[in-house]
Structure formats: structure tokens, C-alpha cells
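This report concerns only the one structure given below.
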Amino acid sequence: MKGFSSRRASPDLDITPLIDILFMLILFFVLAATFDRGGLSVDLPRGTAQEAQNRPFTLTVTPEGTILAEGTPVAPGEAVRRAVEAAGTGRPVALAGDRKAPYGVVAELLDGLRVQGVRAVGLLTRTGKAP
């Protein structure tokens, strides 16, 4: 039996598609993990108003009394200045104050906006019935 060899031919397995799929899964999970970063949890009071049509310029007051303008910590005067600039371009201004935020900080922001001529300031609330 000269025509046959004692060695068997091993089948080749192409793992290129498997590597491609693994890279796509890694990319998906890396991107998905970055979307949740930088989130700020503010406990808004409940309300029944509908959502605004335009994306408003948002001032946020945290429970500790820190003021954020579009997510960036700022001093009260800087927050008012940025809100006045946004209102000057026709963008609505909204104030998101945490339930436990110091009332004086929220009142100071509202008064500063009123003094600078911003008359329409929306107060952000969560949708649903009040507890």
C-alpha cells in the first residue's frame, strides 16, 4: 500500500471571523461603558407639565448647594451670566434644583436671573404624580 500515508490530514480552522466578532464585542462594551460616565443624580420634585420642545440651558443645584451650568460647576454669578447669554440667543432657561438643595441658593439664582432681565425660567420636575 504505497499510495496511502500513515499521517492523517488535519482540517484547518479559520478563526478570522471569530476574532472579528470578538473585537466588535469589545468595542461595543467599551463604548457602552463610557455612556454612563459623568451622570449626575438630582432628585427632582414631581410635576405634571409637558416636556419643553427646545433643549433648554440648564442650571442645576445639587443637594450640597453646588451650582452646575450645563453640567460644569460654576459660581453663582457665572451661572447667571451664562444663562443670560443663552436666553439672549432665544434658548429657554431651566433650573433643576434637588429637593434637598438649599433654598437660598435656588432663590439667589432666580433673583439674579430676574435682575438681569431673564423673565421666563422653567423649573424642572420629574413626570408623574406627587407622592
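Sequential numbering from 1 along the given sequence is applied to the chain's residues.
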Residues E78, R81: salt bridge by 4.0 Å N-O rule: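 A salt bridge is present here (some side-chain N lies under 4.0 Å from a carboxylate O).
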Salt bridge present between R114 and E108 (N-O < 4.0 angstrom):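 Here R114 does not pair with E108 in a salt bridge, since their nearest N and O are not under 4.0 Å apart.
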If you compare all heavy atoms of [X] against all heavy atoms of [Y], which two are closest, and at what distance to 0.1 Å?
| X | Y | value |
| --- | --- | --- |
| V105 | G65 | CG1-O, 3.9 Å |
| T58 | E70 | N-OE2, 2.7 Å |
| L109 | A79 | CD2-CB, 4.0 Å |

Are [Y] and [X] linked, directly or through intermediate hydrophobic residues, by side-chain heavy-atom contacts shorter than 4.5 Å (ILVMFWY only)?
| X | Y | answer |
| --- | --- | --- |
| I19 | L13 | yes |
| I15 | F23 | yes |
| L124 | V80 | no |

Validation row: V61, T66 side chains within 4.5 angstrom (heavy atoms): no
Exceeds 12 heavy-atom contacts within 6.0 angstrom, atom CG of L27: yes
T62 and E64: side chain donor to acceptor below 3.5 Å: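 Yes, E64 and T62 have a side-chain donor paired with an acceptor closer than 3.5 Å.
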side-chain contact (heavy atoms from CB on, under 4.5 Å) partners of L110, counting only residues at least two apart: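 For L110 the side-chain contact (heavy atoms from CB on, under 4.5 Å) partners, ignoring immediate neighbours, are L95, V106, V121.
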